*Asks:* 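Before I ask anything, let me first share the structure, which is written out below as C-alpha cells.
A quick note: this is a predicted structure, and the numbers were derived from the prediction, not measured. We count ligands from 1, going down the list as the structure has it; atoms in each ligand are counted the same way.
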Amino acid sequence: MEEHKSKGGRMDQHGSRYGAVYAQWRADPGAFWLDQARAVDWVEPPRLAFDPAQGPYGSWFPDATCNTCWNVLDRHVQAGHGSRIAVIHDSPVTGSKRTLTYAAMLEEVQAAALALQAVGVGKGDRVIIYMPMIPEALVAMFACARLGAVHSVVFGGFAARELATRIDDAEPVAVVTASCGIEPSRVVAYKPLLDEAIGLAAHKPAACLVVQRPQLEAALTPGRDQDWAAALGAQRGRACPCTPVAATDPLYILYTSGTTGKPKGVVRDNGGHLVALAWSIGAIFGIGPGQVIWTASDVGWVVGHTYIVYAPLLVGATTVLYEGKPVGTPDAGAFWRVCAEHRVTVLFTAPTALRAIRKADAEAALMAGHDLSALEALYLAGERADPETLRWAQGILGLPVIDHWWQTESGWPIAANPRGLGLLPFRAGSPTAPMPGFDPAVLDASGRAVAAGEMGTIALRLPLPPGAAPTLWRADERFRTAYLDEFPGWYSTSDAGFIDSDGYLFVMGRTDDVINVAGHRLSTGALEEAVALHPDVAECAVIGVADALKGEVPCAFVVLKDGGAGSALGRPEAEVAAEVVRVVRDAIGPVAALQRVHVVERLPKTRSGKILRGIMKRIVQAEPYVSPPTIEDPAALDVIARAVR
Ligand code: COA
Ligand code: AMP
C-alpha cells in the first residue's frame, strides 16, 4: 500500500529506521523473513519462506526443522555463556529470590524432559502446565519444547471447570502443577483444583508432576501423581537430546476467550515463533544479550509466553519472573524496587497495574531511594493505555512509555513504537505504527476501507506473519469462521479503531463479546454460562462496564425463575446476588472478578429475542442512548435504569 510507504517516509524524517524496514518487508515479505530467520539455529534451515497451501491461510518455513529449547538454552551454553543469568525469580509473596544461570536452566530442563519422557510424553503429545510464577513453570515449558511435546499453560486464576474444558480439548498425556500459588490474601491450593478438574474431564491424563512448595504440601494420588523434585532427582545429570521438529509443528496451545463459553486453543508453531521473537525483542524492545527485561505479567497469558519466557532467553538476555503484585506486596513501590535491584532495562506491564500504583502513590513517593538509572523504557499492553495513565507514567519516570497492541492470536505486537529501530514521534492514545508482517486496514461492515479518522473493525491482510497463530487446535474450520470469513482475504482482529491521517493506529475496544478486565481477556458468553449455573436463574446478561482501576469489569443482570421448588422469589436480592458471585467464582475462577449482580424482572430485548447488551452498557455507564425501533418492550430499559440507580 502506497499509503504506508509514504507514511514510513514521513516517519523516517525523525531518524527512525522504521519506514525503511517496513518498506523492505513490504517489497518482499518472504525475503525479509528468510533474512530474519538467520538469527535462529536450525537443524534444517528454511529454503522456502511460505507455503500458502498449508492450513487455513498458509504456513511459514514449511521445509525447515528446528528445536525451540535448543535455541533458548543449549546454543547459549555452547557459546560459552552458561554462567550468564537466565532467570531472576523475585517473589515478595514468599520472601524469596533465586537466580538461575543458563547452564543451571539447561540441567533442570534436561532432567524435567527425561522425567516427562518417563511418564510417556513424546513428540506431539500435549502437557498441561497449571502453575504459579515460579521457575519450574519455565523449566516445564522448555522441557516440553525439548521433547517436541506441546505445552498448554493454564492461568492459575482459572478454576477447575475451566481447567477441565482445556484438559478435554488438549487431551494431555501429563499435567505439571504446583501444590499452591500465593496471592497476597491467601494461599491458593492448586492441587485440589486439578483433582477436581480431572474428575470433571472426560479425558484423564496418565500422570501429574507436582512441585511441592513449603507453604502447602499437596496430597499425591498414588499411581498418577509424582513429586516433581523426586522425579527430576532421579534423572539429574543425564543428557536429554533435543528432538528435531518441523518448523510448522506446534510448540504450544494457549487457550483464550472467544464469544462462546468454549475457549479457543490458539496454536503457536516452532519455527515462525522463533523468527518473530528474535526480530521483535530486538527491533521493538531494543533488548539483546546480557540485558534485563522484566515483563510483569503471568506465564498463563500470551504476554508471559512471549516476553517472560521465550523471547528474552532466545536472545541470551535475563528475564525477571516476579511473583507478586504492583501494590500490596508490600506496597506501591514494589515495581521500582525490582527495577532497581535487578538493573532492569525494559519494564513491560499492563496499564491497570500503573493505575493501581497511581491510586496508592500518586506522587510516586515510593520511588525515592530506588536507583532506576538502568531503566530505559516502559512498555504497556494488554488493554487500551488511557492517555492520562500514560502521561502520569511518563511524568514520574521521565522515560519513553510505549503502548503496543497485540493479541493472543498475533503472538507478538501488531503495532508498536519500535525502540530498537529508533523511536517514532509519540501520539498519546495510539500504539503508533504497524510492525513488519502486519498490514492493517480499518474496514466497515461491508469490508470496505473507511476514510482516515473513521472508526471500523481493524483487519490484517493475509497472510499473517511468522509467530502469529496458524490455526486453532484441531479446529481449522473454527479458525476460518472466527477470523477469516468476515472479510475475505483478511484476518479480523475483532478490535475497533481508526487510523489517523498521519498513519497512526488507534485501538479503542472490542467489536465482539470479549471484555478486558485488568488486562485479562474474558468472554461475556462464558460468564453468562457460569451465571446460568445458579439453579434460580432463568435468564441473564453479562456486560463489561468501565472501571477506573481494571479498565472494565463484568456486570450481570439476572432474571429469576418464578415459583416452584428452588425459586429465589421472596429472598433478599443481595443474598441471591452473592450466590451468583460465588457460582461464577467457582466455575471460572477469581479472575472473573464478577462483583456486580442486579436482579431484574426482565431484560430488554429486540422483537427477535436478542438481548440489547450495548444499550444496557450505556445505561449502566450513564451515557445517552436511543431506544431502537426493534425493541420489544421499551419499558424494559427503565427496569435496567432503576436497577443500577
Ligand atoms: N492464581 C490464583 N488467583 C489469582 C491469580 C493466580 N495466578 N491471579 C489473580 N488471582 C485472583 C486474585 O487473588 C483476585 O482474587 P480475590 O477476588 O480473592 O481478591 C482475583 O483473582 C482478581 O485478580 P486481579 O484481577 O489480579 O485483581 P486484584 O484486585 O488482585 O489486583 C491489580 C488488581 C491491578 C493489581 C492486578 O489486576 C494486576 O496486577 N494486574 C496486572 C494485569 C496483568 O498483568 N495482565 C496480564 C496481561 S499483560
Ligand atoms: P489477549 O489476547 O488476552 O492478549 O487480549 C488481546 C486484546 O486486548 C486485544 O484484542 C485488545 O482488545 C486488547 N489490547 C491489547 N493490547 C492493547 C493496546 N495496546 N491497546 C488497546 N487494546 C489492547
*Asks:* Can you find an N/O atom of T493 closer than 3.5 Å to an N/O atom of ligand 2?
*Replies:*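 Looking only at distances, the answer is no, because the N/O contact criterion of under 3.5 Å is not met.
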*Asks:* Is ligand 1 under 4.0 Å from a heavy atom in the side chain of M133, in the backbone, in both, or in neither?
*Replies:* neither
*Asks:* Of all the non-hydrogen atoms in the protein, which one sits nearest to atom 18 (C) of ligand 2, and at what distance?
*Replies:* E383 O, 3.3 Å
*Asks:* Have a look at E183, K359, E383 and point out the one with the heavy atom closest to atom 13 (O) of ligand 1.
*Replies:* E183
*Asks:* Are any of the side-chain nitrogens in E376 or R419 under 4.0 Å away from the carboxylate oxygens of its partner?
*Replies:* yes
*Asks:* In the protein, what heavy atom is nearest to atom 9 (C) of ligand 2, and what distance, to one decimal place, separates them?
*Replies:* D495 OD2, 3.2 Å
*Asks:* Scan Y307, F348, F335 and name whichever one has a ring pair (Phe, Tyr, Trp, His ring centres under 6.0 Å) with W294.
*Replies:* F335
*Asks:* For atom 20 (N) of ligand 2, which candidate among M508, R384, R521 provides the closest heavy atom?
*Replies:* R384
*Asks:* Please determine whether any non-hydrogen atom of R355 lies less than 4.0 Å from an atom of ligand 1.
*Replies:* no
*Asks:* Between the side chains of K325 and E183, is the shortest nitrogen-to-carboxylate-oxygen separation below 4.0 Å, so that they form an ion pair?
*Replies:* yes
*Asks:* Where on R585 is there a heavy atom closer than 4.0 Å to ligand 1, on the side chain, on the backbone, on both, or on neither?
*Replies:*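 Near ligand 1, R585 shows its side chain, while the N, CA, C and O stay back.
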*Asks:* Check contact between G382 and ligand 2, using heavy atoms of the residue and a distance below 4.0 angstrom.
*Replies:*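 In this structure, G382 qualifies as a contact of ligand 2 - some heavy atom is under 4.0 Å.
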*Asks:* Side chain or backbone of P326 under 4.0 Å from ligand 1, or both, or neither, by non-hydrogen atoms?
*Replies:* side chain
*Asks:* Run the salt-bridge test on D90 and R337 with the 4.0 Å N-O cut-off and return the result as yes or no.
*Replies:* yes
*Asks:* So among F155, Y252, Y310, which one has a ring pair (Phe, Tyr, Trp, His ring centres under 6.0 Å) with H305?
*Replies:*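 Per the ring pair (Phe, Tyr, Trp, His ring centres under 6.0 Å) rule, the option paired with H305 is Y252, out of F155, Y252, Y310.
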*Asks:* For W406, state whether at least one heavy atom is located under 4.0 Å from any atom of ligand 2.
*Replies:* yes
*Asks:* Hey, is R510 touching ligand 2 through its side chain, its backbone, both or neither, going by heavy atoms under 4.0 Å?
*Replies:*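 The side chain, only.
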*Asks:* Between K262 and E529, does any NZ, NE, NH1 or NH2 come within less than 4.0 Å of an OD or OE carboxylate oxygen?
*Replies:*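 No, this pair does not count.
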*Asks:* I need the single residue from I281, I287, T295 that forms a side chain to side chain contact (heavy atoms under 4.5 Å, CB included) with P312. Which is it?
*Replies:* I281
*Asks:* Considering non-hydrogen atoms of the protein only, which is the closest contact for atom 4 (O) of ligand 2, and what is the distance?
*Replies:* T408 N, 3.6 Å
*Asks:* Is the closest N or O pair between Y190 and ligand 1 shorter than 3.5 Å?
*Replies:* yes
*Asks:* Answer side chain, backbone, both or neither: which part of V302 comes under 4.0 Å from ligand 2, heavy atoms only.
*Replies:* side chain
*Asks:* Taking only heavy atoms of V507, which atoms of ligand 2 are found under 4.0 Å from at least one of them?
*Replies:*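 It comes down to these atoms of ligand 2: 21 (C), 22 (N).
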*Asks:* Show the numbers, then the answer: is there a salt bridge (charged side-chain N to carboxylate O under 4.0 Å, His left out) between D502 and R427?
*Replies:* CA-CA 10 Å; D502 292 322; R427 197 156 291 184; 2.8 Å; yes
*Asks:* Using a plain distance cutoff, I'd like to know if S297 has any nitrogen or oxygen under 3.5 Å from a nitrogen or oxygen of ligand 1.
*Replies:*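 Not met; the criterion fails.
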*Asks:* State whether R613 and E528 are salt-bridged, where the test is any N-O pair (Lys NZ or Arg NE/NH1/NH2 against Asp/Glu carboxylate O) under 4.0 Å.
*Replies:*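 Counted as a salt bridge, because a side-chain N and a carboxylate O are separated by less than 4.0 Å.
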*Asks:* Below a 4.0 angstrom heavy-atom separation, can you tell me which part of V591, side chain or backbone, both or neither, approaches ligand 1?
*Replies:* backbone
*Asks:* Pick one of side chain, backbone, both or neither for how N516 approaches ligand 2, counting any non-hydrogen atom pair under 4.0 Å.
*Replies:*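 Contact part for N516 vs ligand 2: side chain (C-beta onward).
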*Asks:* Should E409 and R521 count as an ion pair when the cut-off is N to O under 4.0 Å?
*Replies:* yes
*Asks:* Nearest non-hydrogen atom to atom 3 (N) of ligand 1 belongs to which of A593, G551, P590?
*Replies:* P590
*Asks:* Are any of the N or O atoms of E409 closer than 3.5 Å to those of ligand 2?
*Replies:*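 Looking only at distances, the answer is no, because the N/O contact criterion of under 3.5 Å is not met.
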*Asks:* Compute the minimum heavy-atom distance from F348 to ligand 1 and say whether it is under 4.0 Å.
*Replies:*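 It does not; every heavy atom stays at 4.0 Å or beyond.
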*Asks:* Among I588, V531, L533, which residue meets the side chain to side chain contact (heavy atoms under 4.5 Å, CB included) test with V583?
*Replies:* L533
*Asks:* Before accepting this row, confirm whether a basic side-chain N of the pair E388/R358 lies closer than 4.0 Å to the acidic partner's carboxylate O.
*Replies:* yes
*Asks:* Of I414, T493, L505, which meets side chain to side chain contact (heavy atoms under 4.5 Å, CB included) against F438?
*Replies:*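 It is I414; the other options fail the test.
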*Asks:* For ligand 1 and A350, I'd like to know whether there is a polar contact (N/O to N/O, distance under 3.5 Å).
*Replies:* no
*Asks:* Which atoms of ligand 2 sit under 4.0 Å from any heavy atom of H404?
*Replies:* 16 (N), 18 (C), 19 (N)
*Asks:* Please confirm whether T352 comes within less than 3.5 Å of ligand 1 when only nitrogen or oxygen atoms on both sides are compared.
*Replies:*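 T352 vs ligand 1: no N/O contact under 3.5 Å.
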*Asks:* Is A296 touching ligand 1 with its side chain, its backbone, both, or neither, if touching means heavy atoms under 4.0 Å apart?
*Replies:* backbone
